[in-house]
Amino acid sequence: MTPRNRIVPVFVPHLGCPNACVFCSQRTISGSLCPARAEDVVRALEEARGKTAHAELAFYGGSFTAVGEETQRALLEAAAPYRESGFLTSLRVSTRPDAVTEEKLGLLRSYGVETVELGAQSMEDRVLRLSGRGHTSADTAAAAALVKASGMKLILQMMTGLPGADKGSDLRTAEALCALRPDGVRVYPTVILRGTALEALWRAGKYRAHTVSDAVETCAPIAALFQRAGIPILRLGLNPTEALSGGEAVGGAYHPALGELVYGRLWLERAREKLRAMGPLPRRVRLLVPVDCVSRMTGRKRANLLALRWEFGLEEVSVAGGQIPPETVEIREIL
Ligand code: SF4
């Protein structure tokens, strides 16, 4: 997102949502449980117009197409003049897989919506059932196919560490999402939010929290998989907010820099693999990585370099940026 093309989020909380996912607390994520109205859209866009030349409007909240048609039309119509004037460069909505039909997508298209985000969360039906999602993996596959056929962009969201999930099932979910050929994905490791059914399960000992370290372990190979498949990861981990940092996240994988931790792990694994394959190692090595990946290779507080030094018995490990292919590490001896 550039400052000239910012995303204006409008939350459509719980409207039309037919069930209650165990992890969901829309109040914490969106800060509101009031239904969004046309005037909220206008207010958000007017505010953005004072700050930026162009913007994208995103209806978040997870169940846009499950909302009554009249409300959908009112919200989309409120945005129409901003689209016609060229201020809005795109519109996106997020919704549930079981609330997608050809007709509903047709309505979105007629208002110029370009991107549909589907909350897949898991492609394992047992996990979906235990999480109270109320839809199946087949619903997600069918909805994804409809979005692709409509010509709109498809973004898929998944969660790791849901009830009944483990590292293997989360990786299988990522593989299943790759097969649906989305234009991007968002990965959200499960956070236990105050007041949710998940909190009650956790406090009763019926759910083991997905810790930050579990999330890093689980998401590093998932991130590698999406990168290999050429699928952009648009978000990894919940956006940090004051409410979450201030105590609404009572457990689970909440960390304001979770994405950086995951990418740091990914680069650590790449360097490990390279060093293991090298045979006798020089005492002092330099890791050469693409210029924009130096800090991820280094890790927070140089954690990756310290880990490699210790694991491989090296005297010195440093990192430098170079003109090398993306997602690769080359090892050089420090002379
Ligand atoms: S579908 Fe689940 S996550 Fe989405 S709004 Fe409804 S309860 Fe919350």
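The structure presented is a predicted model; accordingly, all values stated were derived computationally and were not measured. Just follow the structure's listing: the first ligand is 1, and inside any ligand the first atom is 1. Position 1 is the first residue of the sequence, and the numbers go up from there.
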> Can you name the nearest heavy-atom pair linking Pro325 to Pro290, along with the distance?
Replying inline: O-CG, 3.6 Å
>> Under 4.0 Å from a heavy atom of Arg96: which atoms of ligand 1 are those, numbered in the order shown and with their elements?
In response: 1 (S)
> Which atoms of ligand 1 sit under 4.0 Å from any heavy atom of Gly61?
Replying inline: 5 (S)
>> Restricting to N/O/S atoms, is Cys24 within less than 2.8 Å of atom 2 (Fe) of ligand 1 or not?
In response: no
> Cut-off 3.5 Å, side chains only: do Thr173 and Asp170 have a donor facing an acceptor?
Replying inline: no
> Is the number of heavy atoms from other residues, nucleotides or ligands under 6.0 Å of Glu39 CD greater than 12?
Replying inline: yes
> Hey, is Arg133 one of the residues with a heavy atom under 4.0 angstrom from ligand 1?
Replying inline: yes
> Are any non-hydrogen side-chain atoms of Met159 and Gln121 less than 4.5 angstrom apart?
Replying inline: yes
>> As a check for students: among Ser63, Ala66, Pro97, Cys21, identify the option with a heavy atom nearest to atom 7 (S) of ligand 1.
In response: Cys21
> Side chain of Arg126, backbone of Gly164: donor and acceptor closer than 3.5 Å?
Replying inline: yes
